[in-house]
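Below is one structure, written out as structure tokens; comments come after it.
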Amino acid sequence: MPGWLASVLPAGLRRLGVIVAVLWGAATITFVAVKAIPGDPVAVLTGGENIVDAAEREALVRQFGLDQPLPVQYLRYIGQALLGDFGDSYQYRQPVIEVIGEAAGPTLQLAGTAMALALGFAFVNALATAGRRKGLRTVLAGLELAVLSTPVYWVGLLLLTVFSFYLGWFPIIGGEGLPALVLPATALSLPLAALLGQVLRDGLEEALLQPFALTVRTRGVSETQLRLRHALRHAALAVSTLTGTLFAGVLAGSILTETVFGRAGIGQITLQAIKTRDMPLLLGLVMLSALVSVSINLLVDALYLLIDPRLRRAPR
Amino acid sequence: MNVQLVGRHDVVSAAPAARPAILEVEDLHIAFPSRLGPREVVRGISFTIGAGEILAIVGESGSGKSVTARALVGLAGSGAELRARSLRLSGHDGEARSLTELSERQWSKIRGREIGFVLQDALVSLDPLRRIGREVGEPLLTHGLVPRAEIGKEVETLLARVGIPDPVVRAAQYPHELSGGLRQRALIASALAARPRLLIADEPTTALDVTVQQQILSVFQALAKAGHGILLITHDLAVAAQLADRIAVMQNGELVETGPAREVLRKPRHAYTQRLLSAVPSAATRGRWLSTSGARPVKAEPERSQPILALRDIAVRFTRPDRSVTHAANGVSLHVYPGETLGIVGESGSGKTTIGKVALALRPPDAGEVLFRGQAWSQLSERQRRPLRRHVQTIVQDPLNSFDPRYAVERIIEQPLLLHTDLGKAARSARVRELIQLVNLPSDVLDRRPTALSGGQRQRVSIAQALASEPDLLICDEPVSALDVTTQAQVLDLLIALQNRLGLAMLFISHDLGVIRHMSDRIAVMKDGVIVETGAAEEVFDAPKHDYTRRLLEAVPRL
């Protein structure tokens, strides 16, 4: 076994254990919550109470395994969930995994684009104003505050009014492809950009105060090069944590943007699942969001190791 | 080594004018804007540095020496206003350039290329996230001196030049993977990369152990021999004495005395230089005050029948993250007798601080035991030990970290009184005033917070706080290492005066052999967790038995 593997393997296994534990915990809590909520699942399945007769009702109960004792239901549910099978959605009458799969595409597209835009804005803003250009800095800092304190749906409506109604550049609702993505992604990215910009600028300014920054300057390196080559990497540590958290938040909080812009996506089906008490779908969605945040955390940790060599344990 | 040095000084004083000047500074003023108008921190200083010459600017913190160094590369700080009759640098092409009124673009051609800059403590002065090779090669890249593909090769040559073994391996490592000495060499290599004729070194050996410091100093000596002009900024007179051809003494932004190193050190003309020199603790200062002239009263010979503190066969082990075990202490036995000072000296990582913690019972030993006045100490439970703690107090290097920043001085000193005595409010207040007088502080500091005090004042407050519970034993861990030499002198004098007056025993831990020699009755030399030599101060210093002690003593630069 090569040296680096020997040092990485135990840590990796430990992480995997934690991930499994988190997913199991999330699944259990959801199960308990779902069972604790009052309501008749059969009514949800059929779209209303007393529409079906006793025999049909019996058949449905058996089909969805609702006649078995709770521990058995729980074990079956956990076992199947581990295999990625959450059962059929009550509402769509197709496997949960398929429903989520269809909706995940547009949401990922939106969240990914918004995140990329936000990072772009934040980097340009921070690089330009960290520790210099006082005037511009003040203006941008004010703008950041304004954007941060404005709700996303309001920004969204504003953008729609200007660019879709008056200028007609982009579709007002729904739509396919890039043009339909521009406004929602922008609306979603603005508060992210503001937050990331603040953290990045702080990180840069702190890095620029470190003694090594003086050394770099005494080598004749320009201010911009100092930022790009040295300070950015230091600032990236804090930013990568925040980006991870924000990304998970954007995925989970896509309901608002999707509603305002009339887009399909995870947000929409979550809303529907809650409205109609579509338990299997709800369980699937909770597991998805747990999985997403766990993997994002893992990714951020890996990024830390990549950025900061001091965190890598010396292989021996 | 000393013989060689004397030879070099002789050459210098014989023909000082023969060297072509690389840098000429005439009447340099530096001011910073403040609410009360511009504040001048450097006031009309002049000096020159010739090829192959080392000029040391010596001064205490706040004297303006670092600002001067930074101003020479246009990095004095934002808002700094520079004024000089002349500020001339002779460049590679031999052409003289004026360093006043340069644009940022013009400066970037000077920095690194014409003037190399070495800062202290390479752990933070090299970018910790980049490999050594990229850091050292950066000036080459910036000034476009060698094609990108050849930078690696050039870096290897540079690393080899400053005496780094295995340059290929080292270039691929990160700063934290190198020892302090190798790191500092790498930093020097990066300053040399673009082949500047002038090097500015700002406290280049301050964070290093004496033996490592010695190696770095010899790198600078070799560079001067190769024709580099070197401006050395240091607070350490002994380092200046060993390295410099000429010394300029700086006080409050002015150069009060400049001359050949030997002359300034042997026959100082200015009162400040004299005061600085006499404040340096050494063999010659034993038995006299450092901050005032005059002999100090002879201390009564300590009664050595029963030790106040006894360490028996102490072992302390640390497990590193990679599971290897470090022995911070191994079979350490020590005795401290009432009224005496036992000095523990050693380099960083020798285990001396660990011993201090074990003696304070802040860390249980993995083996062995500590006795206080012949009674169990390390083996007591914390509940049993608490009432005894008032007898053993400590003073640390930077008390700022151990003071509650929101407390005023009065409250800080009052804490041990609340803990260990049942004095009433008025009695406590009176006692605090007594203590503050005892450490020679004016009573108006009582209302101030620790951050509003100078380093020396803070250390006095820390001593007052330690004395509040009327201890019999003081454990001092590097108590003066963060202080300027004149402040250090005052604090050391205070500690000795208090010892004489109160009959305190002291366990005095320091890396500074001069301080240890000045303070201690007996000395223990530590290396890698083991006491290699112990004995009366004179014996250990004048006739060291162990090889390591001898090496340590030889490495100390002398005045």
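Keep in mind that what you see is a predicted model, and the values were worked out from it rather than measured. Atoms considered below: every heavy atom in the structure, side chains included; atoms not considered: hydrogens, waters and symmetry mates. Quick note on labels: first sequence line is chain A, next is B, and so on, each numbered from 1.
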Any heavy-atom pair between the side chains of [Y] and [X] that's under 4.5 Å?
X      : Y      : value
B:R111 : A:R219 : no
B:Q120 : A:P211 : no
B:D127 : A:R229 : no

May I ask you to check whether over 12 heavy atoms, not counting those of A:E223, lie within 6.0 Å of atom CD?
yes

Crowding at CZ, B:R88 (>12 non-hydrogen neighbours, <6.0 Å)
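Incorrect, the count does not exceed 12.
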
Is the closest basic N to carboxylate O distance between A:R217 and B:E104 below 4.0 Å?
no

Name the option with the most non-hydrogen atom pairs under 4.5 Å to chain B; the candidates are A:D308, A:I307, A:T218, A:L214.
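Sorted descending by pairs with chain B, the first entry is A:T218.
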
Which atoms of [X] approach chain A - backbone, side chain, both or neither, heavy atom under 4.5 Å:
X      : value
B:T142 : side chain
B:E135 : both
B:L141 : side chain
B:R105 : neither
B:L119 : side chain

I'd like to know if the side chain of A:H234 reaches the main chain of B:P128, judged simply by a donor and an acceptor atom lying under 3.5 Å from each other, with no hydrogens or angles considered.
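No, A:H234 side chain to B:P128 backbone: no donor-acceptor pair under 3.5 Å.
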
Any sub-3.5 Å donor-acceptor pair from A:T215's side-chain atoms to B:S125's backbone N or O?
yes

In sequence, state the C-alpha distance, the side-chain angles, and the governing distance for B:E138 and A:Q225, and then conclude on side chain to side chain contact (heavy atoms under 4.5 Å, CB included).
CA-CA 11 Å; B:E138 190 169 38; A:Q225 277 296 331; over 6 Å; no

Taking every heavy-atom pair that is under 4.5 Å apart, which of B:I115, B:L187, B:L129 has the most such pairs with chain A?
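Between B:I115, B:L187, B:L129, the count favours B:L129.
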
